[in-house]
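Data block below; observations after.
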Amino acid sequence: MGDAAGVGPEIILKSLASEEMYEISNPLVIGDSKILERAKSFVDSKLSIKPVKAEQLDEIAYEHGVVHCLDLNLLPADLPIGQVSPEAGHAAFEYLAEAIKMAKEKRIDAICTAPLNKEALQKGGHMYPGHTEILADLTNTKDYSMMLSAPNLRVIHVTTHVGIIDAVKMINPERVYHVLKLAHDTLQKAGIESPKIAVCGINPHAGENGLFGYGEEDEKVVPGVEKAQEEGINAIGPLPADTLFFRAVRGDFDIVVAMYHDQGHGPVKVLGLDAGVNITVGLPIIRTSVDHGTAFDIAGKGIADEKSLMEAMRQAVELAPKN
């Protein structure tokens, strides 16, 4: 359910008002049923909220019109809306931890996350930069990356939630190679036989033969690309990021490898927050997410757009194991 003080509960109810979500999946909300009940008034929902316990999951008859909530009962019904709350941050962590546990036990097929608030998460006692790092930690995954998917563009990241100076320090050939392999393997599983992968440079114009920067491309990026190419991965780069994303949207490439957070996030979000999906690749479980935050400024007003969550649910269904 994400952070209960944000728009998560609202977009969940808006999404589950769609019959399509029940045609493609059996959606179970992990969160607090009383928070969902309150959110009904925000979005004028006629859905019925049915709290369930973990031991009842095999007995659920999923049907449109009834939202089943695995009720962890962590928050008060009058939790302040649109404010940073340590209680809500802690609850968001617990919701995700429970989902991860259930996915590892194969009691659920995939996880789709509503947004959490990083400040609330840390004030609640959980010192993570975001969902991705929690998922990696609780699944003991060392080799993972964030992939963003939007119409006509996929982007995977070498570094994400770190400052730009730290990001450049963290980029190295082995990490570039691993992200290239994650991109290749993920798209192959999605049915693309030989994914075309383009790799961004770090500096403007990808360094332009030493004119910009201090040789970071040759030192940190090129060896990783060459290693991937030696293994038959269809990778090219490093290329100037300013023109690369135009070419990717045009269809020249199946995915772009971005070096740092804003290099990859900016182009995706220009294409529209309502269509972007965040996918964590490299995990032993399937996880997708909305590509927007908790939107405290509009929480409780019933105007948050549910399209990103619906697309994230569709992607979770697509990626989930079929047996």
Side-chain angles (χ1 to χ4, degrees), residues 1-33 35-40 42-47 49 62 64-70 81-82 88 91-92 95-96 98-100 103 108-118 120-121 130-132 134-135 146-151 153-154 265 268-269 271-280 285-320:
M1 195 171 75
D3 192 303
V7 297
E10 300 168 51
I11 60 174
I12 286 171
L13 292 179
K14 283 186 170 185
S15 297
L16 297 185
S18 167
E19 290 190 34
E20 179 201 351
M21 296 298 103
Y22 285 81
E23 291 168 355
I24 65 173
S25 68
N26 292 330
L28 173 72
V29 181
I30 300 177
D32 270 67
S33 61
I35 298 295
L36 290 177
E37 280 289 354
R38 180 176 67 170
K40 285 172 60 175
F42 303 156
V43 297
D44 193 26
S45 174
K46 302 298 188 290
L47 297 173
I49 311 298
Y62 293 93
H64 180 246
V66 180
V67 176
H68 292 88
C69 176
L70 181 62
I81 294 290
Y95 302 151
L96 181 58
E98 180 65 21
I100 292 168
I108 57 176
D109 297 313
I111 300 170
C112 182
T113 55
L116 56 69
N117 181 278
K118 296 174 178 61
L121 177 71
H131 273 126
T132 302
I134 298 171
L135 283 147
M146 176 190 294
M147 183 171 84
L148 301 181
S149 176
L153 180 63
R154 300 183 190 93
H265 278 61
V268 170
K269 294 190 176 182
L271 294 175
L273 287 173
D274 59 348
V277 176
N278 183 331
I279 304 167
T280 309
I285 59 180
I286 301 301
R287 178 265 176 160
T288 68
S289 178
V290 296
D291 188 31
H292 61 74
T294 46
F296 281 165
D297 57 325
I298 61 169
K301 297 180 181 179
I303 60 175
D305 196 314
E306 72 276 18
K307 292 188 185 72
S308 180
L309 181 59
M310 293 180 71
E311 185 58 32
M313 290 179 68
R314 295 185 191 105
Q315 294 269 355
V317 171
E318 283 294 312
L319 295 168

Donor-acceptor under 3.5 Å ([X] side chain, [Y] main chain):
X	Y	answer
K40	L13	no
T280	T132	no
E10	G302	yes
T294	P115	no
T288	A312	yes

Give the minimum heavy-atom separation between [X] and [Y], together with the two atoms involved.
X	Y	answer
P9	G6	CD-O, 3.6 Å
H64	A17	NE2-O, 2.8 Å
D3	A88	OD1-CB, 3.4 Å
L271	A150	CD1-CB, 4.2 Å
M21	P27	O-CD, 4.2 Å

Quick check for you: to the nearest 0.5 Å, what is the distance between [X] atom [atom1] and [Y] atom [atom2]?
X	Y	atom1	atom2	value
L309	I12	CG	CD1	6.5 Å
I24	M313	CD1	CE	6.0 Å
C69	L28	SG	CG	7.5 Å
Q315	I279	CD	CD1	4.5 Å
K301	I81	NZ	CD1	12.0 Å
L116	I134	CG	CD1	6.0 Å

Reference residue D291; test side chain to side chain contact (heavy atoms under 4.5 Å, CB included); the match among M146, K269, E311: K269
Pairs where residues 16-33 contributes a residue and the test side chain to side chain donor-acceptor pair (under 3.5 Å) is met, not counting sequence neighbours: E20-R314, D32-K34, D32-Y95, S33-D71
Given T113 and N278, is the side-chain contact (heavy atoms from CB on, under 4.5 Å) satisfied, shown in steps? CA-CA 9 Å; T113 55; N278 183 331; over 6 Å; no
Partner residues of H68 under the ring pair (Phe, Tyr, Trp, His ring centres under 6.0 Å) criterion, sequence neighbours left out: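 Counting only residues at least two positions away or on another chain, H68 forms a ring pair (Phe, Tyr, Trp, His ring centres under 6.0 Å) with Y62.
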Is any side-chain heavy atom of I35 closer than 4.5 Å to a side-chain heavy atom of R38? yes
Should I11 and H292 be marked as a side-chain contact (heavy atoms from CB on, under 4.5 Å) after you check the CA-CA gap, both sets of side-chain angles, and the distance that decides it? CA-CA 12 Å; I11 60 174; H292 61 74; 3.9 Å; yes
List the steps, then state whether side-chain contact (heavy atoms from CB on, under 4.5 Å) holds for D109 with I286. CA-CA 7 Å; D109 297 313; I286 301 301; over 6 Å; no
